[in-house]
Structures are given as structure tokens and as C-alpha cells.
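I have placed the structure first, in the form of C-alpha cells, so that the comments after it can refer back to it.
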Amino acid sequence: MPRTPEAESFFHAVYAAIQEIPPGRVTSYAHIAKLIGTPQRPRQVGVCLKHLPDDPAQRFNSQTVPWQRVISAKGMISPRGHPSGAANQATVLRAEGVTVSTGALGEYLVDFGEFGWFPRQLPSDVEAGVELSSEEED
DNA sequence: ACCCTGACCTGCA
DNA sequence: GTGCAGGCCAGGG
């Protein structure tokens, strides 16, 4: 539970953005951060997910926010110090059609090329000179 | 291609 | 009031 109004609105924005990720797709912490206009704090996105309540009475909870669709920019499911958590996340993702492969060390990996959700070209990407791939253009 | 590092900002002890 | 640690990322060896 956020204690300051700023933190509260930040949490709200993060959860709302995550709710826009379509089923069967995944994106990164950094992308969520960019979407809500704070590209310099992907770590805080992780903090929000860590504090996502299970209580159904809360507006945002683990039932209404698809927390499983947020992974690291490397395409890896964050162990977050608790390996079984990643395993659980992999199971939930597979249940909605995402192919999750396992690395040699038991890491869980998702191919962004196939399941990544990057809906629009962000201002920061334009500034950095990033171009849309030809197959993404309408 | 890999590992290591600095930076980022908050939450918690 | 301070310090440390964290569900990360991008860049440099």
C-alpha cells in the first residue's frame, strides 16, 4: 500500500498499464515504465508488482491485474530471489498460450519476437533513432 | 557473446 | 533520520 499520493498514482498507472497487455502476450518492466511516462524507473514497476494485493476487495489485485505478463527485458521471468515464483508464473503464462522455454540453469524464457507486446513507437525510441520493423508497419 | 558495473528511485529495517 | 536492498536496465570491458 502506497503511503503518499504520488506513489498511489504511480501504482495506479502501473496497474492500469499492465491491464492493457493482451492475453497471450508479455512485455518488460521497462516498457511499462515508458508507457506511463517514467522511463527511468523500471525497478519501481517491479516494486508495484511485489506489493500487488491478493485481496479481491481491492480495486487492483492479482485477479484483475495480469502480473504474469510482465517479465525482464531479456525475456526472462524474474526469479525475484524465489525460484518457485518464477515457475508458477511460467505455468500461468503457458495456460494462456505463451510458450515458455527453460534454460540450462532452470531459467524461464519467453521469445519477445513471438509473444512480445510493444504496441506503439514511444517518443524515447524516436529520439533514440529506433525504427519500426517493416512487418510491424500498417 | 558473456559478466560486471553504475544508475535509477523507492520501500523498509 | 539514515542506510541498505530491491521481481531492472543499458553500457562497457
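Residue numbers start from 1 in every chain, and the chains themselves are labelled A, B, ... in the order their sequence lines are given, proteins ahead of strands.
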Using the ring of each side chain (for Trp, its six-membered ring), is W117(A) parallel, tilted or perpendicular to H31(A), with breaks at 30° and 60°? perpendicular
When the distance from [atom1] of [X] to [atom2] of [N] is rounded to whole Å, what number comes out?
X	N	atom1	atom2	answer
I36(A)	dC8(B)	CD1	P	18 Å
F10(A)	dG11(B)	CZ	C1'	13 Å
I71(A)	dG7(C)	CD1	P	17 Å
K74(A)	dC9(C)	NZ	C1'	6 Å
R41(A)	dT10(B)	CZ	C1'	9 Å
I77(A)	dC8(C)	CD1	C1'	16 Å
M76(A)	dC3(B)	CE	P	11 Å
Y108(A)	dG7(C)	OH	P	18 Å

Within the 4.0 Å heavy-atom criterion, would you say V45(A) contacts the bases, only the backbone, or no part of the nucleic acid? nothing
Is any side-chain N or O of H51(A) closer than 4.0 Å to OP1 or OP2 of dC12(B)? yes
Is S72(A) near enough to dG7(C) that one of its side-chain N or O atoms lies under 4.0 angstrom from OP1 or OP2? no
Contacts under 3.5 angstrom, residues 76-92 of chain A side chains, donor-acceptor by atom type, not counting sequence neighbours:
{"unit_1": "H82(A)", "atom_1": "NE2", "unit_2": "S84(A)", "atom_2": "OG", "d": "2.8"}
{"unit_1": "Q89(A)", "atom_1": "NE2", "unit_2": "Q68(A)", "atom_2": "O", "d": "3.0"}
{"unit_1": "Q89(A)", "atom_1": "NE2", "unit_2": "V70(A)", "atom_2": "O", "d": "3.2"}
{"unit_1": "T91(A)", "atom_1": "OG1", "unit_2": "A87(A)", "atom_2": "O", "d": "3.0"}

If hydrophobic clusters are built from ILVMFWY residues whose side chains come within less than 4.5 Å, do L109(A) and Y29(A) share one? no
Pairwise side-chain contact, T27(A) with R69(A), heavy-atom cut-off 4.5 Å (strictly under): no
Taking the side chain as everything from C-beta on, heavy atoms only, tell me whether E96(A) gets closer than 4.5 Å to P22(A). no
N/O contacts under 3.5 Å, protein versus nucleotides 1-6 of chain C?
{"unit_1": "dG6(C)", "atom_1": "N9", "unit_2": "R43(A)", "atom_2": "NH2", "d": "2.9"}
{"unit_1": "dG6(C)", "atom_1": "N7", "unit_2": "R43(A)", "atom_2": "NH2", "d": "2.7"}
{"unit_1": "dG6(C)", "atom_1": "O6", "unit_2": "R43(A)", "atom_2": "NH1", "d": "3.3"}
{"unit_1": "dG6(C)", "atom_1": "N3", "unit_2": "R43(A)", "atom_2": "NH2", "d": "3.4"}

Under 6.0 Å from the ring centre and within 45 degrees of the ring axis: does the NZ or CZ of R41(A) meet both conditions for the six-membered ring of F10(A)? yes
May I have the step-by-step check of side chain to side chain contact (heavy atoms under 4.5 Å, CB included) for T99(A) and D111(A), ending in yes or no? CA-CA 8 Å; T99(A) 300; D111(A) 179 17; over 6 Å; no
Is it the case that the side chain of T64(A) and the backbone of R59(A) share a donor-acceptor pair, with hydrogens and angles ignored and the cut-off at 3.5 Å? yes
Anything below 3.5 Å on both distances counts as a pair; with that, list the stems of at least three consecutive Watson-Crick or G-U pairs involving DNA chain C. B:2-6 with C:9-13, B:9-13 with C:2-6
Any idea which heavy atoms bring F115(A) and G24(A) closest together, and the distance? CD2-O, 3.5 Å
